[in-house]
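Beneath this line is the structure, given in structure tokens, with notes to follow.
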Amino acid sequence: MASSSKPERTYHVFFSFRGEDVRNNFLGHLYGALDQKGIYTYVDSEELRKGEQIAPGLMKAIEESHIAIIIFSDDYASSWWCLEEAAKIMDCKEERDLMVFPLFYKVDPREVRTPRERYRKAMVKHESKFGKDSEKVKRWEKALSDAGSLSGWHLTLG
């Protein structure tokens with residue numbers, strides 16, 4: 001008999017990524033390899049990102065995954081949408097035992113943990129839009145720091 005305290009899991013893996021950085025190259029290959037092995041992954045469509053709000057279906061997909069892989073790339077932090085995903089993923093890590101693995105794709109893990117260059121510029125832009133002391137921006141910064149501190153993979157390939 002299934003325990004009601006265990007959340008229902010639909011996906012083996014949820015990918016969080018910046019589409020324009022990885023969708024048509026690296027992610028396609030990774031998705032294909034996992035799919036061949038029968039690993040059911042959630043990869044969102046750009047169509048879900050048309051509005052100003054994160055689609056509830058996307059948040060539900062994070063909650064219903066066993067594993068989340070955050071693919072940190074050059075422009076990941078410039079997307080408030082990606083940052084919302086990262087924050088939700090880190091919440092689910094704490095609240096739902098979601099396993100989280102960062103994949104640093106052509107970006108130094110230190111840049112994610114403590115933004116210095118591109119990630120710093122992106123966060124400054126978010127601060128100017130939402131306010132320097134905004135709870136939203138603080139949540140995103142914490143998510144980046146926490147996720148960037150996890151053990152994962154660092155890929156520097158061309």
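Numbers here simply count residues along the sequence, with the first being 1.
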With sequence neighbours excluded, residues passing side-chain hydrogen bond (donor to acceptor under 3.5 Å, both in side chains) with [X]:
X    : value
D35  : none
T10  : E64
D108 : R110

side-chain contact (heavy atoms from CB on, under 4.5 Å) partners for K93, two or more places apart: M90, V100, L150

With sequence neighbours left out, what residues match S16 under side-chain contact (heavy atoms from CB on, under 4.5 Å)?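 Per chain and number, S16 pairs via side-chain contact (heavy atoms from CB on, under 4.5 Å) with F14, I70, Y76, E85, I89.
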
Run F15 and I71 through side-chain contact (heavy atoms from CB on, under 4.5 Å) and show every step you take. CA-CA 7 Å; F15 286 116; I71 303 173; 3.9 Å; yes

When you compare the side chain of [Y] with that of [X], does any pair of heavy atoms fall below 4.5 Å?
X    : Y    : result
V112 : P102 : no
Y11  : H66  : no
S73  : V107 : no
V13  : Y42  : no

Verify whether the ring centers belonging to [X] and [Y] lie closer than 6.0 Å.
X    : Y    : result
W153 : F101 : yes
Y105 : F26  : yes
Y119 : W140 : no

After noting the C-alpha distance and the side-chain angles of R120 and E127, does the key distance pass the salt bridge (charged side-chain N to carboxylate O under 4.0 Å, His left out) rule? CA-CA 10 Å; R120 183 72 239 137; E127 287 170 355; 3.1 Å; yes

Is there a salt bridge (charged side-chain N to carboxylate O under 4.0 Å, His left out) between R116 and E111 once you walk through the steps? CA-CA 6 Å; R116 298 174 171 97; E111 176 68 13; 5.3 Å; no

R113 versus S149, closest heavy-atom pair with distance: CD-OG, 3.3 Å

How many angstroms lie between atom [atom1] of [X] and atom [atom2] of [Y], to the nearest 0.5 angstrom?
X    : Y   : atom1 : atom2 : answer
L30  : I69 : CG    : CD1   : 6.0 Å
D75  : D21 : CG    : CG    : 4.5 Å
R118 : S78 : CZ    : OG    : 7.5 Å
R139 : L83 : CZ    : CG    : 10.0 Å
T41  : I67 : OG1   : CD1   : 11.0 Å
L34  : H29 : CG    : NE2   : 13.0 Å

Between [X] and [Y], is there a side-chain N and carboxylate O pair less than 4.0 Å apart?
X    : Y   : answer
R9   : E63 : no
R18  : E20 : yes
K106 : D74 : no

Determine all donor-acceptor pairs shorter than 3.5 Å in which one atom belongs to a side chain in residues 141-148; sequence neighbours excluded.
{"residue": "K142", "atom": "NZ", "partner": "D146", "partner atom": "OD2", "Å": "2.5"}

May I ask you to decide if [Y]'s main-chain N or O and [X]'s side chain share a donor-acceptor pair within less than 3.5 Å?
X    : Y    : answer
S134 : K136 : yes
S79  : C82  : yes
H154 : F104 : no

Step through the shown structure and confirm whether more than 12 heavy atoms of other residues, nucleotides or ligands are within 6.0 Å of NZ on K121.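 Open: at most 12 neighbouring heavy atoms sit under 6.0 Å from NZ of K121.
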
State plainly whether one hydrophobic cluster holds both W81 and V124, where clusters connect Ile, Leu, Val, Met, Phe, Trp and Tyr through side-chain heavy atoms under 4.5 angstrom apart.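 W81 does not cluster with V124.
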
